[in-house]
Amino acid sequence: MRRTRILTAVLALTAGLLAGTASALAAPSEQVTIAAESYTWKNARIDGGGFVPGIVFNRSEKNLAYARTDIGGAYRWQESTKTWTPLLDSVGWNDWGHTGVVSLASDSVDPNKVYAAVGMYTNSWDPGNGAVLRSADRGASWQKTDLPFKLGGNMPGRGMGERLAVDPNKDSVLYLGAPSGKGLWRSTDSGVTWSQVTNFPDVGNYVQDATDTSGYASDNQGIVWVTFDESTGTSGTATKTVYVGVADQNNAVYRSTDAGATWTRLAGQPTGYLAHKGVLDARNGYLYLAYSDKGGPYDGGKGQLWRYATATGTWTNISPVAEADTYYGFSGLTVDRQHPGTVMATAYSSWWPDTQLFRSTDSGATWTKAWDYTSYPNRADRFTMDVSSSPWLTWGANPSPPEQTPKLGWMTEALEIDPFNSARMMYGTGATIYGTENLTNWDSGTQFTVKPMVKGLEETAVNDLASPPSGAPLLSALGDIGGFRHTDLTAVPPMMYTSPNFTTTTSLDFAETNPNTVVRVGNIDSGAHVAFSTDNGANWFAGTDPSGVSGGGTVAAASDGSRFVWSPQGTGVQYTTGFGSSWSASSGIPAGAIVESDRVDAKTFYGFKSGKFYVSTDGGATFTASAATGLPAGDSVRFKALPGTKGDVWLAGGASDGAYGLWHSTDGGTTFAKLSNVEQADTVGFGKAATGATYQTLYTSAKIGGVRGIFRSTDKGATWTRINDDAHQWGWTGAAITGDPRVYGRVYVATNGRGVIYGDTSDTSGGGGGGGGGTDPTPTGACAVTYTLTNQWSGGFQADVKLANTGTGAWTSWSLGWSFPNGQTISQLWNADYTQSGSAVTAKNVSWNGTVAAGSSVSFGFTGSWSGTNSKPVAFKLGDQSCTVT
C-alpha cells in the first residue's frame with residue numbers, strides 16, 4: 001500500500017542473508033534428511049493486502065491474464081475458478097529480490113510464453129542484480145537471464161509501464177526499459193540474451209527526490225514503457241514502429257519507424273510531465289498517453305491525457321478535466337479492443353475523497369466519471385461496491401461524505417479492459433485487485449458492480465506470527481494493513497485489527513497461560529502505538545504511549561498476562577502492570593533491544609541487543625546482562641522461550657561474516673550452546689510434539705546441510721527434516737515462524753510479500769524424529785500412486801505425483817515408472833530425477849528424498865506438453881512391482 005512496504009526487505013538486508021555468494025545445493029549431512037512425507041502448502045487467506053501495479057491480458061488468447069506485484073511475485077489468472085495462481089514461489093533465499101516484479105509481458109504469438117523482469121531495489125538494499133525470467137509454460141517453470149544492472153519492483157515509478165514488451169509480429173524480439181540511467185535493452189532470441197540499444201538517445205533524468213542519500217528516491221526512473229504499433233509489421237518480421245516512454249519531463253516519448261535502428265523524439269509532444277502509460281489503438285491510429293507531474297505511485301498533483309494521431313502527427317489534449325482542476329496525475333490507461341473508440345483512465349494519485357475512473361466512447365472527445373458530486377459533499381456513483389468476499393476492505397471506517405467506504409481505490413496505476421470481453425475490467429489498487437463483469441452498464445446509465453477479483457493473490461509482508469494454545473489458531477502482524485485474527489485459515493477474516501488501526505504491526509504476543517490476553521505494537525500516523533485485547537484478539541483497546549515513542553518495536557506479555565514489557569522505537573525499554581495506562585523505564589537494558597517473555601514465570605523477561613542477552617526476574621523493572629558469549633554481534637536475531645518449561649530459550653540469527661546459527665539455553669540465558677548441525681538460522685518457533693516425543697517440535701528458516709529451507713525437528717534439534725522443497729521457497733522467510741500447538745506438523749511461515757504460508761504434513765500420526773529408517777535398497781510392491789492434474793492449458797499441463805509406501809518396511813531409494821497414454825512429453829520435473837524414452841518415463845529419488853518410511857509418502861511434480869488428448873497414466877510400477885492407483 002504505502003511506503004511501509006519497504007521495511008521488511010531492509011530488515012532482510014540487515015540480516016546479512018545476501019552477504020557472500022549464493023550457496024550451492026549440497027547433499028545434507030548425516031543429521032539432515034528431507035521429509036519423506038509430503039507437505040501441503042497454502043496461504044492463510046487474506047486476499048490481496050498490497051499494491052498491484054500491473055495487470056496484463058494476452059491479446060490473442062481469451063481469459064489469459066497476469067498480475068504483477070511490487071514485492072510478492074507474479075500471478076496467472078485461472079478463469080475456471082476466478083482465482084490467481086502464484087508463479088514465483090520457487091524464488092529462493094539468495095534471490096529474494098526477484099519477488100519484486102517491475103514488468104510482465106505475455107506473448108501474443110505464442111501464449112504459452114510469458115516474461116517477467118524482476119528485482120526489488122536499485123539501491124544497496126537489494127545487493128543482487130535484476131533478471132529477466134522466461135517461461136514456455138505460462139509461468140509454471142522459469143529460466144533466468146541475469147542482467148548487469150538492478151531493477152526496482154518496489155521503487156518509485158513502479159506503476160508506470162509496461163517496461164518489458166514482446167514484438168507482436170516477431171516474438172523473438174523483446175525490449176526492456178531499464179532504470180538508473182542504464183537505457184533501453186533488446187533481446188533477439190526470446191529473452192535468452194540481452195544487449196543495450198546504444199543508439200537510443202535518452203536514458204531518463206527524473207528522480208523523485210535528489211536529496212535522498214539512501215538512493216531510494218534519488219534514483220533515475222529511466223525507461224518506463226515500450227509500445228509496438230502492430231499495424232507496421234507482418235507475421236515473422238519485426239514491427240517497424242516502436243514507441244518508448246522515458247522518465248524525462250521534457251522528452252517523454254520517442255519513436256522508431258525502422259524496427260529500432262534509429263530513434264527520434266516525437267515532435268510536438270507535451271512537456272512538463274511524465275508519460276506513465278502509452279497505449280496504442282492501431283485500428284484507429286491513435287497513441288493514448290497518461291501524464292502526471294510525478295512518477296508515482298504515491299505522489300502526483302497535476303495531470304493530463306493526450307492523444308497522438310500516428311498517421312498525421314497531430315497531438316490533441318483529451319484531458320477529461322482542466323489541468324487547473326486536477327490535484328492528481330493520470331496513469332491507469334486502457335483501450336477496449338472490441339470497441340477501440342472506448343478508452344478509460346484513472347486518477348491514480350487522488351487519495352481523497354477517492355480515486356476516479358474516466359471513460360470515453362468517442363476516442364477521448366468526451367468523458368464521463370465513475371462518480372461526481374450532486375451537491376457537495378454528496379456524491380452520485382455510477383457503480384456499487386460489493387466487498388463481501390474481502391470485508392476488511394472497509395477498514396472498519398465510518399467516514400464523512402464525500403469520502404465513503406470501501407473506497408473505489410487509491411494508487412490505481414493498473415487498469416485493463418479484457419480484450420475479449422468489453423464487460424470485464426480489472427484494476428489494481430494499493431490493497432487489492434478490483435474488477436467488474438458488467439462494465440458496459442456504465443454506458444447505458446445503470447450501475448456496474450465493483451468486486452474484489454483477487455482470490456489467490458496474497459501480497460502481505462509479515463512481521464510476526466503467533467499461534468495460541470486456545471482461541472484463534474493464528475494471529476498475524478502485517479505491514480500496511482496491520483494484521484488479522486484467523487479463526488479459519490481457509491476464509492478471509494472479516495476485519496483487520498481495529499481500535500486502533502496500525503498502518504503496520506511490528507510485534508505481537510499473547511499470555512501463554514491466559515491466551516485471551518494479547519498485546520500488539522505498531523506504527524500509526526497519530527495515537528497510541530500499543531493496543532491490548534482481553535478476548536484473544538477479537539476486540540482491542542488502545543494503551544498509552546510513554547514519552548518519545550515513534551514506532552512499534554517489539555513487545556512481550558507475561559505468561560499470565562499480568563504485565564508487559566515493550567521496547568518501542570524512539571525511547572528505551574518500558575514495563576507496565578495492567579494494560580499500559582502508565583509505563584516505567586526498565587533499567588540495565590539498552591534502547592532498541594528485542595524483548596520476549598518466559599512462558600512459565602510471569603516475572604521473567606528476556607532481551608537481546610548487539611550480542612548481549614539480558615534477563616529480568618522482577619517483571620521488567622531491571623535487566624541484567626548475561627555472561628553468555630559467542631552470540632551474534634549484530635541485531636539480526638529472533639528468539640523465543642519454550643512454552644511449559646521455565647528458562648528454556650532458543651535463539652536464531654546472525655550474519656555470514658560472524659556468528660550465525662541456532663543456540664539453545666536451558667538456564668534462562670545464563671549460558672547458550674550452539675547447535676553444530678545448523679549452519680545458519682533466522683527464525684525459531686515451536687509446535688505440537690510428535691507422537692511419543694517428550695519435547696515440542698522445533699521449526700526454523702535455516703541453512704542446514706548446505707541447503708536453505710524450512711526445517712523441522714522432533715528431537716530437540718538433534719536431527720532435522722527439510723519440509724519445503726525448491727518449488728516452495730517464497731524468497732525471504734526470515735521474519736517469523738511458529739508451529740501450531742494443537743496440530744502436529746502444522747507450521748506458519750512469514751514471507752516478505754506472499755502473505756502467511758502454512759504447511760500441513762501428510763504424516764497424521766505425528767510420529768518419527770528427523771531421521772528416516774529402513775535398509776531395503778530396492779523397494780518392491782506395497783505402493784500406491786496418486787496422479788493429480790493440477791493445471792492444464794492449450795499445449796501444456798502441470799501434474800503432481802504422490803508415491804506412498806503402503807508396506808511394512810522402509811525404503812532408502814525408489815524408482816517409479818509409467819507410460820503416457822497420449823504421447824505427452826515432460827519439459828521439467830522437480831523433486832526427482834527422470835528419464836523419458838518415447839512415452840515411457842522413469843522417475844527416481846534424488847539424494848535427499850530416497851528414505852520413505854512405512855506409511856509415509858513422497859511427492860514430485862512436473863510440467864509437460866500435450867496435443868489432442870491429455871489422459872492420465874493408468875499403471876505405475878515401483879521397480880518390477882505394480883502400484884495401486886488411487
Side-chain angles (χ1 to χ4, degrees), residues 59 159-162 165 168 224-232 239-257 264-293 296 300 302-326 328-348 356-370 412-417 419 422 425 427 442-443:
R59 292 276 297 278
M160 295 192 279
E162 291 292 319
V224 296
W225 53 263
V226 178
T227 297
F228 292 92
D229 184 346
E230 64 265 29
S231 69
T232 63
T239 300
K240 292 182 179 180
T241 300
V242 188
Y243 296 90
V244 174
V246 181
D248 179 338
Q249 291 178 322
N250 293 314
N251 308 282
V253 186
Y254 289 81
R255 178 176 64 181
S256 173
T257 57
T264 58
R265 178 185 183 275
L266 211 55
Q269 65 182 274
T271 59
Y273 288 95
L274 301 174
H276 276 225
K277 300 283 196 305
V279 176
L280 189 88
D281 167 15
R283 188 185 305 179
N284 293 316
Y286 291 136
L287 175 68
Y288 294 97
L289 297 121
Y291 286 94
S292 173
D293 60 347
K302 292 292 178 184
Q304 295 180 348
L305 294 178
W306 283 79
R307 186 185 68 207
Y308 175 75
T310 59
T312 65
T314 302
W315 287 90
T316 305
N317 187 335
I318 58 169
S319 301
V321 296
E323 179 193 40
D325 294 331
T326 62
Y328 47 77
F330 294 98
S331 181
L333 184 64
T334 185
V335 169
D336 184 344
R337 300 298 173 182
Q338 299 295 312
H339 307 281
T342 296
V343 187
M344 293 186 67
T346 68
Y348 78 94
Q356 184 63 275
L357 306 181
F358 302 91
R359 181 173 172 90
S360 172
T361 56
D362 52 14
S363 300
T366 61
W367 296 85
T368 51
K369 300 177 182 179
T412 49
E413 297 220 57
L415 172 72
E416 293 294 332
I417 298 173
S422 298
M425 175 263 288
Y427 66 98
W442 184 316
D443 304 323

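Nothing here was measured: the structure is a model prediction, and the numbers come from that model.
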> Let me confirm one number: the CG-CZ distance from N317 to R307, rounded to the nearest 0.5 Å.
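Taking CG in N317 and CZ in R307, the distance rounds to 10.5 Å.
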> Let me confirm one number: the OG1-CZ distance from T334 to R359, rounded to the nearest 0.5 Å.
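Rounded to the nearest 0.5 Å, the OG1-CZ separation comes out at 10.0 Å.
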> Evaluate the side-chain proximity of K277 to L415: yes if any heavy-atom separation is below 4.5 Å, no if none is.
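No, side chains not in contact.
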> Mind checking the CG-CG spacing from N250 to L274? Nearest 0.5 Å is all I need.
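These two atoms lie 10.0 Å from each other.
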> If you apply the rule side chain to side chain donor-acceptor pair (under 3.5 Å), what do you find for W442 with T368, and how did you get there?
CA-CA 9 Å; W442 184 316; T368 51; 2.7 Å; yes
> About how many Å separate CE of M344 and CG of L357, when rounded to the nearest 0.5 Å?
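One gets 5.0 Å once the value is rounded to the nearest 0.5 Å.
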> Please state whether the rings of Y243 and Y308 are parallel, tilted or perpendicular, taking 30° and 60° as the class boundaries.
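Y243 and Y308: perpendicular rings.
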> Tell me if a side-chain donor or acceptor on D362 pairs with a main-chain N or O of T366 at a distance below 3.5 Å.
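Indeed, once roles are kept as given, a pair shorter than 3.5 Å links the two residues.
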> Kindly give the heavy-atom pair with the smallest separation between W367 and S319, and that separation in Å.
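Between these two residues, the closest heavy atoms are NE1-C, 4.3 Å.
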> If you measure from OG on S363 to NE2 on H339, what distance do you get to the nearest 0.5 Å?
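Reported to 0.5 Å precision, the distance equals 13.0 Å.
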> Could you tell me which non-hydrogen atom of A267 sits nearest to which non-hydrogen atom of W315, and how far apart they are?
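Of all heavy-atom pairs spanning A267 and W315, the closest is O-NE1, 2.8 Å.
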> Any sub-3.5 Å donor-acceptor pair from S360's side-chain atoms to V343's backbone N or O?
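Between the backbone of V343 and the side chain of S360 there is no qualifying donor-acceptor contact (under 3.5 Å).
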> So do Q356 and F330 actually touch side chain to side chain, heavy atoms under 4.5 Å?
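They are not in side-chain contact.
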> Is it the case that the side chain of K302 and the backbone of S292 share a donor-acceptor pair, with hydrogens and angles ignored and the cut-off at 3.5 Å?
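Between the backbone of S292 and the side chain of K302 there is no qualifying donor-acceptor contact (under 3.5 Å).
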> Would you call R255-D229 a salt bridge at under 4.0 Å N-O?
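Here R255 does not pair with D229 in a salt bridge, since their nearest N and O are not under 4.0 Å apart.
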> Whether the side chain of T342 engages the backbone of T361 through a donor-acceptor N/O pair (distance < 3.5 Å, no angle test) should be reported.
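No, T342 side chain to T361 backbone: no donor-acceptor pair under 3.5 Å.
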> How about L280 and E230: do any of their side-chain heavy atoms sit closer than 4.5 Å?
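Yes, at least one pair of side-chain atoms sits under 4.5 Å.
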> Nearest 0.5 angstrom please: T316 OG1 to W306 CH2, how far?
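With rounding to 0.5 Å, OG1 (T316) is 7.5 Å from CH2 (W306).
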> Should L289 and Q269 count as side-chain neighbours, where that means a heavy-atom distance under 4.5 Å?
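When only atoms from C-beta onward are counted, Q269 and L289 do not touch, as no gap falls below 4.5 Å.
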> Are side-chain heavy atoms of T257 and T232 found at a separation under 4.5 Å?
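No, too far: nothing below the 4.5 Å cut-off.
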> With a 4.5 Å cut-off on side-chain heavy atoms, are E162 and V226 touching?
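Not touching, per the 4.5 Å side-chain cut-off.
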> Can you check whether K369 reaches P320 side chain to side chain, under 4.5 Å on heavy atoms?
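The answer is no, as the side chains (C-beta and beyond) never meet within the 4.5 Å cut-off.
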> Taking the side chain as every heavy atom from C-beta outward, state whether S331 and T412 have any pair of such atoms under 4.5 Å apart.
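In short, these two side chains do not touch, never coming nearer than 4.5 Å.
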> Under the 6.0 Å and 45° cation-pi test, does R265 pair with Y254?
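No, R265 and Y254 do not form such a contact.
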> Could you report the tightest heavy-atom contact between P340 and D281, atom names first, then the distance?
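Shortest heavy-atom contact: CB-OD1, 3.3 Å.
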> Measure up the F358 and Y328 rings against each other and bin them: parallel (under 30°), tilted (30 to 60°), perpendicular (over 60°).
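Tilted, since the angle between the ring planes falls between 30° and 60°.
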> Any idea which heavy atoms bring A275 and M160 closest together, and the distance?
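Looks like O-SD, 4.2 Å.
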> Mind listing the closest non-hydrogen atom pair of T239 and P168 along with its distance?
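Closest heavy-atom pair between T239 and P168: OG1-CD, 3.8 Å.
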> Check Y348 against G300 and note the closest heavy-atom contact, atom names and distance.
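Looks like OH-CA, 3.6 Å.
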> Could you go through R59 and R337, starting from their C-alpha distance and side-chain angles, then the distance that decides it, and tell me whether this counts as side-chain contact (heavy atoms from CB on, under 4.5 Å)?
CA-CA 9 Å; R59 292 276 297 278; R337 300 298 173 182; 3.6 Å; yes
